[in-house]
Amino acid sequence: MSGRFAPSPTGSLHLGNLRTALVAWFAARSSGRGFLVRMEDLDRVTSSPVHERAQLEDLASLGLDWDGPVLRQSERFERYRAALTQLDDLGVLYPCYCTRKEIRAEIAAAASAPHGLVADGAYRGTCRALSARQRSALQAAGRRPALRLRTADEPVGFVDELVGMVEGQVDDVVLARADGVPAYNLAVVVDDAAQQVTQVVRGDDLLSSTPRQIYLQRLLGLPTPSYLHVPLVLGPDGTRLAKRHGAVTLAELTAGLDPPHRAARLQMVLSVLAASLGLLDGGEMVEPADLSGLFDRFSPAVLPRGPVAWPDLAAQLA
Ligand code: GLU
């Protein structure tokens, strides 16, 4: 019985990521669950141990602790391959030879067609019904296929602890990339079950992927955890917080400070984040070491339901 935080070690965590981690930690620890950290480093090209180390240091410096060793997805490809075999035995996988460009063009062409809530980048099924001859021709032309899940565009619903009832269409999501690397949606489902994760807290940019993951859990005979999707911190331009919005990482916000000033700065950052989650009144402060003192204030009901504006947080840190 655990909650988890599962970053991809492809860069620095910014304050939006750290705020989501804080919610995940509070939700798990205040409900007596364990708390796990998992590195989603499936892509060995974009992931690095340097980012992994920095991310773990940032979590620890805000007072977040986790149980046991950090799991790395890059070390678990065998597990994902076993799940792919299980799905293949069910007859629900098919090879897809489409390039990203072809898929983008198809989605754009179909954008005006009527449809329900469709997951981000939903595939329109071009390779679903390829004949054996068409497949061999594509292979002969040097194309290597990704593996997709064959679905019937079924709606899957769930009750999010913050958002409430969500229903989404499940599309033919990629489960293994053309270069053989297992895909995020497969790995996350396999790992959440293997780690006995009963509570998933993450950014609401992943809300539209959750029906896909629940659908996969059902096919693989795995339990479904509870879900809480946290609204993102947005930059002044309304897009999700990123480097271009200024000093948004702990490293940037504490650069050049001596230990006492650094500690004071961390306390300030933590307090501003906790206040943005409805856990502190304006001006109240909390030390990283004293976070658990706020357990009795935490519940999904105190969390703001809308996105948070980075300029509002930045102004409080100035
Ligand atoms: N690794 C994903 C990310 O960093 C999060 C996955 C998840 O929490 O399910 O966006």
Side-chain angles (χ1 to χ4, degrees), residues 2-28 33-49 51-56 58-59 64 66 70-77 79-80 83 119-121 156 158 160-163 166 168 170 173-175 177 181-217 220 222-234 239-243 248-249 307:
S2 295
R4 50 55 156 200
F5 182 60
S8 306
T10 53
S12 307
L13 293 175
H14 57 57
L15 287 207
N17 306 130
L18 290 167
R19 183 174 178 271
T20 301
L22 212 52
V23 180
W25 184 86
F26 267 106
R33 286 180 169 88
F35 185 65
L36 307 172
V37 175
R38 181 170 74 227
M39 283 293 156
E40 302 213 319
D41 57 351
L42 287 172
D43 190 330
R44 303 311 303 275
V45 178
T46 53
S47 301
S48 98
H51 292 311
E52 176 182 319
R53 213 163 28 247
Q55 293 187 347
L56 294 175
D58 280 359
L59 295 175
L64 305 189
W66 54 92
V70 170
L71 198 79
R72 284 189 200 88
Q73 290 191 326
S74 57
E75 293 167 3
R76 296 172 51 76
F77 278 28
R79 302 291 285 259
Y80 312 138
D120 287 344
V156 170
F158 68 100
D160 184 275
E161 287 191 34
L162 192 64
V163 181
V166 177
V170 178
V173 64
V174 168
L175 298 183
R177 298 186 340 195
V181 174
Y184 157 69
N185 281 295
L186 177 75
V188 85
V189 162
V190 168
D191 289 343
D192 282 338
Q195 294 190 283
Q196 297 181 359
V197 168
T198 55
Q199 177 187 59
V200 171
V201 175
R202 58 189 176 195
D204 68 3
D205 51 328
L206 289 166
L207 193 63
S208 69
S209 281
T210 303
R212 295 166 167 161
Q213 293 174 17
I214 294 174
Y215 187 86
L216 271 175
Q217 287 155 4
L220 291 166
L222 303 174
T224 294
S226 68
Y227 288 97
L228 191 162
H229 289 87
V230 183
L232 297 183
V233 176
L234 302 182
T239 64
R240 77 170 86 157
L241 188 60
K243 281 268 190 199
V248 294
T249 65

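Note that ligands are numbered from 1 as they come in the structure, with each ligand's atoms numbered from 1 the same way.
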Report the nearest protein non-hydrogen atom to atom 3 (C) of ligand 1: residue, atom name, distance rounded to 0.1 Å. Ser8 OG, 3.8 Å
Numbered in order shown, the ligand 1 atoms found under 4.0 Å of a heavy atom of Val188 are 9 (O)
Within-cut-off N or O pair, Val200 and ligand 1, under 3.5 Å: no
Distance to 0.1 Å, residue and atom name: give those for the protein heavy atom nearest to atom 5 (C) of ligand 1. Ala6 O, 3.3 Å
Can a non-hydrogen atom of Phe5 be found less than 4.0 Å from any atom of ligand 1? no
Using a 4.0 Å cut-off to any heavy atom of Arg202, which atoms of ligand 1 qualify? 7 (C), 8 (O), 9 (O)
Has Glu52 got a side-chain atom pairing as donor or acceptor with Pro9's backbone, closer than 3.5 angstrom? no
Spell out, as yes or no, whether a donor-acceptor pair under 3.5 Å connects the side chain of His14 to the backbone of Leu241. yes
Students often mix this up, so state it plainly: with edges at 30° and 60°, are the rings of His229 and Tyr227 parallel, tilted or perpendicular? parallel
How far is atom 6 (C) of ligand 1 from its nearest protein heavy atom, and which residue and atom is that? Glu40 OE1, 3.1 Å
Let me know which of Ser47, Ser74, Ser48 forms a side chain to side chain donor-acceptor pair (under 3.5 Å) with Asp41. Ser74
Counting from 1 in the order shown, the ligand 1 atoms closer than 4.0 Å to a non-hydrogen atom of Arg4 are 7 (C), 8 (O), 9 (O)
Which is it for Glu161 and Ser226 under the side chain to side chain donor-acceptor pair (under 3.5 Å) test, yes or no, and what are the steps along the way? CA-CA 7 Å; Glu161 287 191 34; Ser226 68; 3.1 Å; yes
Is it true that Arg79 and Asp191 have a side-chain N and a carboxylate O under 4.0 angstrom from each other? no
I'd like to know whether Arg38 forms a side chain to side chain donor-acceptor pair (under 3.5 Å) with Gln195, so could you lay out the CA-CA distance, the side-chain angles of the two residues, the decisive distance to 0.1 Å, and finally the verdict. CA-CA 10 Å; Arg38 181 170 74 227; Gln195 294 190 283; 3.0 Å; yes
Closer than 4.0 Å to some heavy atom of Leu206 - which atoms of ligand 1 meet that? 5 (C), 6 (C), 7 (C)
With a cut-off of 4.0 Å, which atoms of ligand 1 are near a heavy atom of Tyr184? 6 (C), 7 (C), 9 (O)
